[in-house]
Each structure stands twice: as structure tokens, then as C-alpha cells.
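This report concerns only the one structure given below.
Position 1 is the first residue of the sequence; numbering continues from there.
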Amino acid sequence: MAAPPMFQPVQGGRAAAVLILFGEGSDGPDILLTERAATLNKHAGQPAFPGGRIDPEDDGPVAAALREAWEEAGVEPSGVDVLCTLPELYLSHSEHRVTPVAGWWREPSEIAPGHPGEVAAVARVPISELVEPENRLMVRNSTGLRIGPAFRVRDMLVWGFTAALLTRVLDAGGWNQPWDTDHVEDLPQDVLRLATRD
């Protein structure tokens, strides 16, 4: 799965990893998402995959992704089968080089937000909800120029890097359904305000 042009890796940046965790929930196959705390300096309030920087004591991106999922959402690493790592992506706003790690939740654990200063909410979002055409839209920023995919699920507006990566994952899995890509909305002002805060 090739990296979208806007996320092509560049030299420099801090190494990070995210966990794309697939499971079998009460409403069918699902994916774990977190919502970042509104108090964070970068990507505040945004839904995301569990993840963060690769620390020196981590044994690479897989270990970092599993550690972050445990710290942020209570995912027991021993219950996750790692499937693969995906090509590294670059987030220009936070200057991170991110390695997505795909995993299967063989033995799901109870989930809950980790540190309240980092995570506001966690949710297992059914794939059926993510691909429901009524839950899909395109969003644009305050300039009206940058447009990307988004999802409205579980009281969250998933957009930006997470929505772009999620769209590619759903495409690769053959799950996506046709939806109205001409349905474009402005990002809500409160979302923009948090996203552009430094």
C-alpha cells in the first residue's frame, strides 16, 4: 500500500508508530480508535489510532505501537497478533515519521482512556459503520483549499491523517462502499481551533 503524496516520508522528523487494531466485536469486525485530549499541544481533540513516539527503550515500531495502545487504551499486548507494518508516513504538522502497525485482537481486553491528559475517549468502531455511505464526507480547512476524507462515527469526526490512512486501509481490505465524494463540509470552528493550536 503506497503512501499518499501528502504523507510521503522526508528526511528528518521524529520516529513514531500507530496501531491499526482489528477485532471481532459485538457488532462485527471493528477497529480501535482513540480521541486525543483537547489539552494537547499537537492534534488536540482529534480521533486517532493509538500511537506515539518510538522511545529509545522500544524495540522498534511494533513495540512502540503496542506500548502506546496499552498506555492509551488498556490494550494488553499479549492479546494482539501483529500482522504487518505498513510504509512509513510523514506528518508535517507534528514533524513525525509514522510507521503504521496492523494487528489482530486475538484476545480483546477491557478498554478505557489512559492518562486523562492524553486520551479523552476510546472506541471500537465497527467497519460496517465506517463504510456506511451516510457516515462519509469530505472536509476542507479554513482556506477552503485542502480537502480530505472524513468519517462521522461514535460521536467523533475522524479526519486528517487518521481518516486518510483509514480510507486506504478500508480500500485495501475491499470493504469500502461507493459514497458521495462531492459532499464537502468545512471543518467545524472548534475542531479547527484545536487543530491549529501550537
| field | The single option from Glu134, Glu132, Glu185, Glu129 passing salt bridge (charged side-chain N to carboxylate O under 4.0 Å, His left out) against Arg152 | value | Glu185
| said: Please report the interatomic distance CZ(Arg136) to CG(Leu170), rounded to the nearest 0.5 Å. | reply: 6.5 Å
| note | Smallest heavy-atom separation, Leu157 atom then Pro188 atom, equals CD2-CD, 3.8 Å
| Closest non-hydrogen atom pair between Arg97 and Glu88, with its separation | NH1-OE2, 3.0 Å
| message | Please tell me whether Phe22 and Phe151 are part of a single hydrophobic cluster in this structure, the criterion being side-chain heavy atoms less than 4.5 Å apart. | response | yes
| said: Tell me which one of Leu19, Leu21, Leu33 satisfies side-chain contact (heavy atoms from CB on, under 4.5 Å) with Phe49. | reply: Leu33
| field | Pair Val101-Thr85, side-chain contact (heavy atoms from CB on, under 4.5 Å): steps then yes or no | value | CA-CA 4 Å; Val101 176; Thr85 58; 4.0 Å; yes
| Looking at CZ of Arg124 and CZ of Arg154, how far apart are the two atoms once the value is rounded to the nearest 0.5 Å? | 10.5 Å
| field | Side chains of Pro113 and Glu72 in contact at under 4.5 Å (non-hydrogen atoms) | value | no
| task | Check each of Asn135, Asn176, Thr167, Leu166 against Leu130 using the side-chain contact (heavy atoms from CB on, under 4.5 Å) test, and report the only one that passes. | result | Leu166
| request: Test salt bridge (charged side-chain N to carboxylate O under 4.0 Å, His left out) on Glu57 and Arg67 and set out the steps. | output: CA-CA 11 Å; Glu57 59 269 25; Arg67 173 183 56 76; 5.8 Å; no
| said: Check this for me: Glu107, atom CD, are more than 12 non-hydrogen atoms of other residues, nucleotides or ligands nearer than 6.0 Å? | reply: yes
| Closest approach of Trp159 and Ala150, non-hydrogen atoms and distance? | CB-CB, 4.1 Å
| Heavy-atom closest pair, residues Ile54 and Ala17 | CG1-N, 4.1 Å
| message | Please report the interatomic distance OG1(Thr181) to CD1(Ile147), rounded to the nearest 0.5 Å. | response | 10.5 Å
| query | Is the backbone of Ala48 close enough, under 3.5 Å, to the side chain of Thr34 for a donor and an acceptor to pair up by distance? | reply | yes
| Glu76 versus Trp70, closest heavy-atom pair with distance | OE2-CZ3, 3.6 Å
| query | Any chance CG of Asp190 has more than 12 other-residue heavy atoms, nucleotides or ligands included, within less than 6.0 Å? | reply | yes
| said: As an exercise, state the distance from CG of Leu91 to CZ of Arg14, rounded to the nearest 0.5 Å. | reply: 11.0 Å
| said: Same cluster or not: Val75 versus Leu83, using hydrophobic residues (I, L, V, M, F, W, Y) connected whenever any side-chain heavy atoms lie under 4.5 Å apart? | reply: no
| task | Please round to the nearest 0.5 Å and tell me the distance separating atom CD of Glu68 and atom CD of Glu118. | result | 7.0 Å
| task | Tell me whether Val82 is reachable from Ile20 by hopping between hydrophobic residues (I, L, V, M, F, W, Y) whose side-chain heavy atoms are closer than 4.5 Å. | result | no
| Atom pair CE (Met138) and NE2 (His183), whose distance is rounded to the nearest 0.5 Å | 11.0 Å
| Hey, are the side chains of Leu32 and Pro50 touching, using non-hydrogen atoms and a 4.5 Å cut-off? | yes
| Any link between Val158 and Ile127 through a network of hydrophobic side chains (Ile, Leu, Val, Met, Phe, Trp, Tyr) touching at under 4.5 Å? | yes
| query | Does one hydrophobic cluster hold both Val169 and Val80, with members joined at side-chain heavy-atom distances below 4.5 Å? | reply | no
| field | Flag side-chain contact, heavy atom, 4.5 Å: Arg36 against Leu194 | value | no
| request: Please name the pair of heavy atoms, one in Ala64 and one in Arg53, separated by the smallest distance, quoted to 0.1 Å. | output: CB-O, 4.2 Å
